[in-house]
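Notes follow once the structure below has been shown.
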Protein chains: 2
Amino acid sequence: MVTTTVAEPRQQADTRERILDAAEELFTLYGFDGTSTRMITSRARVNLASVNYHFGSKEALIQEVFRRRLTWLNHERLRVLDELEREAGGAPVKPHLIVEAFFGVALRMAADEQHGGHTFMRLLGRTYSEPSEFIRTFLAEEYESVVERFKAALFKALPDVPREEILWRFHFMLGAMAYAISGIDALKLLTDCQLDENDPGALARRLMPFLIGGLRAPLPEPAAKPEKAVKADKKPRQAD
Amino acid sequence: MVTTTVAEPRQQADTRERILDAAEELFTLYGFDGTSTRMITSRARVNLASVNYHFGSKEALIQEVFRRRLTWLNHERLRVLDELEREAGGAPVKPHLIVEAFFGVALRMAADEQHGGHTFMRLLGRTYSEPSEFIRTFLAEEYESVVERFKAALFKALPDVPREEILWRFHFMLGAMAYAISGIDALKLLTDCQLDENDPGALARRLMPFLIGGLRAPLPEPAAKPEKAVKADKKPRQAD
DNA sequence: GTATGATTTAAACAAATGTTTGAAACGAGC
DNA sequence: GCTCGTTTCAAACATTTGTTTAAATCATAC
């Protein structure tokens with residue numbers, strides 16, 4: 001609250017931010033292809049050419065929409081994991097704490113209606129299943145180091161679980177969260193539920209037990225190879 | 001193998017099918033907005049105008065792409081559920097069997113590389129988080145009766161679990177499966193895994209335990225209302 | 001063969017897209 | 001006041017989009 005001396009002193013260099021905010025909202029509502037630069041600039045009440053002037057292209061704008069918030073999100077995830085590993089002092093961190101670090105940070109950001117975090121996380125959730133090549137490449141790069149760290153932590157925490165299996169379950173957890181935070185209810189499953197209004201943390205409280213439950217589920221039986229009868233130990237092993 | 005007397009006797013009324021097949025593949029690869037009618041018709045090797053001639057519009061084509069396979073999928077789901085309820089003879093069907101009926105049918109279809117089921121299920125998985133209004137409306141209508149039946153079955157199978165909670169977990173399971181069958185690995189988590197090639201059932205064997213584990217997870221603590229200290233029973237209740 | 005209805009074809013349509021342009025307006029430093 | 005680099009602006013650009021049109025072709029029954 002320093003700069004605002006006069007009410008609306010004609011926006012200056014905040015044109016960038018206005019574009020980013022408008023783009024974030026419209027991408028969330030209508031997708032990347034479904035949002036034109038004209039929709040963005042008219043919502044942001046800036047000139048059409050300013051998207052290309054400030055960002056170079058629509059693709060670059062899309063990337064900036066993500067970078068703006070993703071950088072903080074993933075730094076925060078690493079910070080929490082760092083602290084957990086510091087507390088553990090060399091010992092493995094409990095699996096549910098690792099999951100809580102990765103997904104909890106995201107869910108808390110999604111619960112933040114004030115600073116646009118909610119809108120962004122809805123967009124991010126949708127974007128996990130975006131077909132566009134350049135977006136997926138970009139996302140994977142942004143996540144690379146975080147994913148590596150969390151993979152390592154989970155491997156260490158679950159030494160008896162096949163690494164493949166851990167990765168698959170990470171994959172499944174990601175899918176469950178992505179769809180949940182996208183806010184889309186494609187099958188109208190939740191229309192009857194009162195949507196836990198004015199309780200931003202509700203989703204996290206409901207989702208986290210589900211994720212942990214999935215992670216800890218008994219391991220699947222190995223594939224029954226027809227050429228040799230594999231003797232599988234019948235009592236299912238717990239994943240952690 | 002009845003009609004093909006001469007090799008390629010000039011395609012006739014199978015133009016519809018050729019368009020549907022091409023559209024299915026391209027929608028899966030590039031999304032609805034990212035796929036133009038020209039891409040579709042050139043891949044199908046039919047004339048540009050035939051999309052509008054046979055289907056009326058691109059939107060109608062999209063709907064037909066889904067209807068063509070979704071009708072069978074959901075009929076099959078209901079058939080399996082019918083049989084389960086018949087076997088149970090009035091008693092509640094075991095929750096994991098209900099889940100297996102709903103998701104197992106989908107996963108088996110996704111494992112069918114021969115008849116295009118694989119491509120379609122990838123498309124369907126992606127489409128759950130499609131922002132476009134008319135597609136979501138259409139999907140919800142197609143699923144309405146199936147969802148009602150499975151909701152009822154789960155309510156009956158889990159009488160002690162709050163219905164809201166059941167719906168949320170159905171929602172979470174749906175998200176996990178949708179992302180998994182979409183075949184998209186946005187965070188490149190699974191690049192190190194050998195992708196269980198030539199084992200189409202692998203995904204189901206891995207996913208089902210995860211879903212069941214999530215469904216059976218301990219119920220979340222109720223929201224801590226600040227105005228009154230709610231005494232929550234501390235031992236977490238199992239969901240089934 | 002000829003007529004009739006269904007289908008295919010090439011060409012064109014208007015509308016919308018991302019991007020570029022060159023001039024105008026602005027802001028800070030002198 | 002003047003200058004210079006930055007930002008804004010209206011207009012235009014070339015493509016691409018979904019769709020339509022009217023003629024040509026095909027298939028079938030008489």
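To find a chain, count down the sequence lines: A is the first, B the second, and so on, and within it residues start at 1.
- Here C:dT8 is the nucleotide among C:dT17, D:dT19, C:dT8 with the atom lying nearest to any side-chain atom of B:Thr15.
- For B:Asn52 and D:dA22, the CG to C1' distance is 16 Å, given to the nearest whole Å.
- Between the P atom of D:dT6 and the CZ atom of A:Phe55 lies a distance of 17 Å, rounded to the nearest Å.
- The interatomic distance linking B:Leu26 (CG) with D:dT17 (P) rounds to 12 Å, in whole Å.
- Ranked by how close their nearest DNA chain C nucleotide is to the 5' end, B:Arg38 and A:Ser57 are led by B:Arg38.
- For the pair B:His54 and C:dT8, the criterion of a side-chain N or O lying under 4.0 Å from OP1 or OP2 is met.
- When each of D:dG18, D:dT7, C:dA6 is scored by its nearest atom to the side-chain atoms of B:Tyr53, the top-ranked nucleotide is C:dA6.
- Summarising the geometry, the separation between CZ on A:Phe32 and C1' on C:dT17 is reported as 17 Å, rounded to the nearest angstrom.
- When all heavy atoms of B:Asp185 and B:Leu190 are compared, the pair lying nearest together is OD2-N, 2.8 Å.
- Between the side chains of B:Ser129 and A:Ser182, not a single donor N or O lies within less than 3.5 Å of an accepting N or O.
- One atom, CG of A:Asn47, and another, P of D:dT7, lie 14 Å apart when rounded to the nearest Å.
- Residue B:Ser36 is in sugar-phosphate contact alone, with no base atom involved, counting any heavy-atom pair closer than 4.0 Å across all strands shown.
- A:Ser50 comes within 4.0 angstrom of no nucleic acid atom, judged by non-hydrogen atoms across all strands.
- Using a 4.0 Å heavy-atom cutoff across all strands shown, B:Thr41 reaches no nucleic acid atom at all.
- Only one option out of B:His75, B:Glu76, B:Arg68 pairs with B:Trp72 in a side chain to side chain contact (heavy atoms under 4.5 Å, CB included); it is B:Glu76.
- In this structure, B:Glu165 pairs ionically with A:Arg206, as a charged nitrogen and a carboxylate oxygen lie closer than 4.0 Å.
- If you take CG of B:Asp14 and C1' of C:dT7, they are 12 Å apart, rounded to a whole angstrom.
- In this structure, B:Leu48 places its CG atom 13 Å from P of C:dT8, rounding to the nearest Å.
- Taking the charged nitrogens against the carboxylate oxygens, B:Glu144 and A:Lys188 have no contact shorter than 4.0 Å, which rules out a salt bridge.
- Of the candidate nucleotides D:dG18, D:dA11, C:dT9, C:dT9 has the atom nearest to the side chain of B:Ala49.
- Between the NZ atom of A:Lys58 and the C1' atom of C:dA16 there is a distance of 11 Å, rounded to whole Å.
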